[in-house]
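A short write-up of the structure that comes next.
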Amino acid sequence: MTHVASEPTALSGADRSGATPSASGSASDANVASRSRVWRAVLRAARPRQWTKNALVLVAPATAGVLDDPFALGPVIATFALFCLAASGTYLLNDALDAPADRLHPVKRRRPVARGLVSVRTALTVAGAGLVGAVALSLVLVPAAVTITVGLYVLLTVSYSLGLKRVPYLDALIVAVGFALRAVAGGLAVDVPLSNWFLVVTSCAALFAVTGKRYAELRTLVVGPQDAHRAALTHYTPRACRQMLVATGGVTVGAYTLWALGDTPSRIAVIASIFPLAAALWRYTVVALAGGAGDPVEVLFTDRGLQAAVVTTGTLLALGLYVT
């Protein structure tokens, strides 16, 4: 009897000791899976698709005809990477600060921080690492002029996130300057001169894209009061945005035309690129006026007409500057 009674006890102990590692392993696997989900959500919050904007660093080297120089390629790629890091830091900072307001937006409420997939604390930590890291790495990877540009970009975007986004029209101007700084940094990275026409084209094109975004927000922001999402938006009107779209689009095409005719050799392909560029701006205007330009990058990824116009412009420029 004693022997029979002791066997179940021993077996029970063995079962318990055998179950402990299994339970521990399950908990460990669950923790790893949880951390993996969080970091995947952080990556989504960093918006790698938006890194397309940083391709603006290629514009100045490309139009200067030096993009095929292997010695120029390294600094340009490094500049692109630095702006990707800084921009993602800015997105995470914005999402952390704007989470309550983003939950009122029909699209932004799906962002990871607004949904609670990434905590505000985690978003702020990663944002700080990205912003500080971009400036720190620029000190060793790129010329000093680019470091200054990256630092100015970080200063502007952080100031925007902390309060300047609530100042009407200044908010749009800061976003447009952020676009222009990318283009300027590309030229500084390879030490090519930036013509006045180049600066006008990039600045006006950036303001054109931002105006389209503001107009789309006026058209589509129907969940909750507008000032709950973007305080400055209450000071915008559809009419003012339409006028700004026409003005900045017209100046962009005019300045680009003067550059193509005057600052470059008389190459047929470069001059011909004026027309698809105008078509690209026209197509974006049509999309914006329909309320569909809430995110310029998404428009570029989804609108076939805009894609065709942009690719044609780039192809003609490449032919004119590098082939003929």
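FYI, the numbering just counts along the sequence from 1.
In this structure, CZ on Phe80 lies 10.0 Å from CG on Leu56, to the nearest 0.5 angstrom. Considering CD1 of Ile174 and CG of Leu181, their distance stands at 11.0 Å, rounded to 0.5 Å. In this structure, CD1 in Ile77 is found 12.0 Å from CG in Leu141, a value given to the nearest 0.5 Å. Rounded to the nearest 0.5 Å, atoms CG (Leu245) and CD (Gln243) are 10.5 Å apart. For the atom pair Ser161 OG and Leu97 CG, the distance stands at 6.0 Å (nearest 0.5 Å). In this structure, CG in Leu317 is found 4.0 Å from OG in Ser273, a value given to the nearest 0.5 Å.
Inspection of the Ser36 and Arg40 side chains reveals an N or O donor paired with an N or O acceptor under 3.5 Å.
Residues meeting the side-chain hydrogen bond (donor to acceptor under 3.5 Å, both in side chains) test with Thr147, sequence neighbours left out: Ser138. Ser119 pairs by the side-chain hydrogen bond (donor to acceptor under 3.5 Å, both in side chains) definition with Thr122, not counting sequence neighbours. By the side-chain hydrogen bond (donor to acceptor under 3.5 Å, both in side chains) test, Ser88 is found to be paired with Trp51, residues two or more places apart in sequence or in another chain being considered. Evaluation of the side-chain hydrogen bond (donor to acceptor under 3.5 Å, both in side chains) rule for Thr90 yields Thr157 as partners, not counting sequence neighbours.
Although no hydrogens or angles enter the test, the distance criterion places no donor-acceptor pair under 3.5 Å between the side chain of Gln50 and the main chain of Val297. Distance alone, capped at 3.5 Å, places no donor-acceptor pair between the Arg109 side chain and the Arg103 backbone. Side-chain atoms of Thr211 do not come within 3.5 Å of backbone N or O of Cys241 as any donor-acceptor pair. At least one donor-acceptor pair under 3.5 Å links the side chain of Tyr322 to the backbone N or O of Leu67. When atom types are taken as modelled, the side chain of Asp303 and the backbone of Leu306 share a donor-acceptor pair closer than 3.5 angstrom.
Within 6.0 Å of atom CG in Asp191, 12 or fewer heavy atoms from other residues, nucleotides or ligands are found, so the atom counts as exposed in its surroundings.
Through side-chain heavy atoms spaced under 4.5 Å, either directly or across other Ile, Leu, Val, Met, Phe, Trp or Tyr residues, Met244 is tied to Leu207. Chaining together hydrophobic side chains whose heavy atoms lie under 4.5 Å apart leaves Val132 on its own.
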As a quick check of understanding, evaluate side-chain contact (heavy atoms from CB on, under 4.5 Å) for Arg182 and Lys53, giving each step before the final call. CA-CA 8 Å; Arg182 292 168 166 95; Lys53 297 175 183 176; 4.1 Å; yes
For Asn196 and Trp259, what are the C-alpha separation, side-chain angles and deciding distance, and is it a side-chain contact (heavy atoms from CB on, under 4.5 Å)? CA-CA 9 Å; Asn196 291 333; Trp259 168 79; over 6 Å; no
For a side-chain contact (heavy atoms from CB on, under 4.5 Å) check, start with the C-alpha distance between Tyr160 and Val167, then their side-chain angles and the critical distance, and finish with the verdict. CA-CA 9 Å; Tyr160 174 90; Val167 181; over 6 Å; no
I would like to know whether Val251 and Phe208 meet side-chain contact (heavy atoms from CB on, under 4.5 Å); could you show each step before the answer? CA-CA 10 Å; Val251 173; Phe208 171 82; over 6 Å; no
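Looking at heavy atoms from C-beta onward, Val270 lies out of side-chain contact with Leu316 at the 4.5 angstrom threshold. The shortest distance between side-chain heavy atoms of Phe198 and Val59 falls below 4.5 Å. Within the 4.5 Å cutoff, side-chain heavy atoms of Val126 are placed close to those of Trp39. For the pair Asp102 and Val113, the minimum side-chain heavy-atom distance is 4.5 Å or more.
The pair Lys165-Asp171 fails the salt-bridge criterion, with no side-chain N (NZ, NE, NH1 or NH2) lying under 4.0 Å from an Asp/Glu carboxylate O. A salt bridge links Arg47 with Asp95: the closest approach of a Lys/Arg side-chain nitrogen to an acidic carboxylate oxygen falls below 4.0 angstrom. Note on Lys213 versus Glu298: no salt bridge recorded, every NZ/NE/NH1/NH2 to OD/OE distance being 4.0 Å or above.
Taking the six-membered ring where the residue is Trp, Phe83 and Tyr153 present perpendicular rings, their angle passing 60° and hence far from 30°.
Nearest approach of Thr313 to Leu277, heavy atoms of both residues: OG1-N, 3.2 Å. Residue Arg115 comes nearest to Arg110 through the heavy atom pair CD-O, 3.0 Å, listed as atom of the first residue, atom of the second, then distance. Summarising the geometry of Arg283 relative to Gly305, their closest heavy-atom pair is CG-C, 4.2 Å, with the distance given to 0.1 Å. Across all their heavy atoms, Ala134 and Leu85 have their closest contact at N-CD2, 3.5 Å. Of all heavy-atom pairs between Val118 and Ala123, the closest is CG1-N, 4.0 Å. Residues Ala127 and Leu93 approach most closely at CB-N, 3.6 Å, considering heavy atoms.
A side chain to side chain contact (heavy atoms under 4.5 Å, CB included) with Cys84 holds for exactly one of Thr79, Asn54, Val57; it is Asn54.
Under a hydrophobic clustering in which Ile, Leu, Val, Met, Phe, Trp and Tyr are joined whenever their side-chain heavy atoms come within less than 4.5 Å, directly or via other members, Ile268 and Phe275 fall into different clusters. A continuous path of Ile, Leu, Val, Met, Phe, Trp and Tyr side chains, each step under 4.5 Å between heavy atoms, connects Val120 with Leu92, placing both in one hydrophobic cluster. Both Val146 and Leu199 are assigned to one and the same hydrophobic cluster, defined by single-linkage of ILVMFWY side chains at heavy-atom distances under 4.5 Å. Placement of Leu117 and Val42 in two distinct hydrophobic clusters is found when ILVMFWY residues are connected by side-chain heavy-atom separations under 4.5 Å, directly or transitively. Note on Val200 and Phe179: separate hydrophobic clusters, where clusters join Ile, Leu, Val, Met, Phe, Trp and Tyr whose side-chain heavy atoms are under 4.5 Å apart, directly or indirectly.
A cation-pi arrangement, defined by a distance under 6.0 Å to the six-membered ring centre and an angle within 45 degrees of its axis, is absent between Arg242 and Tyr215.
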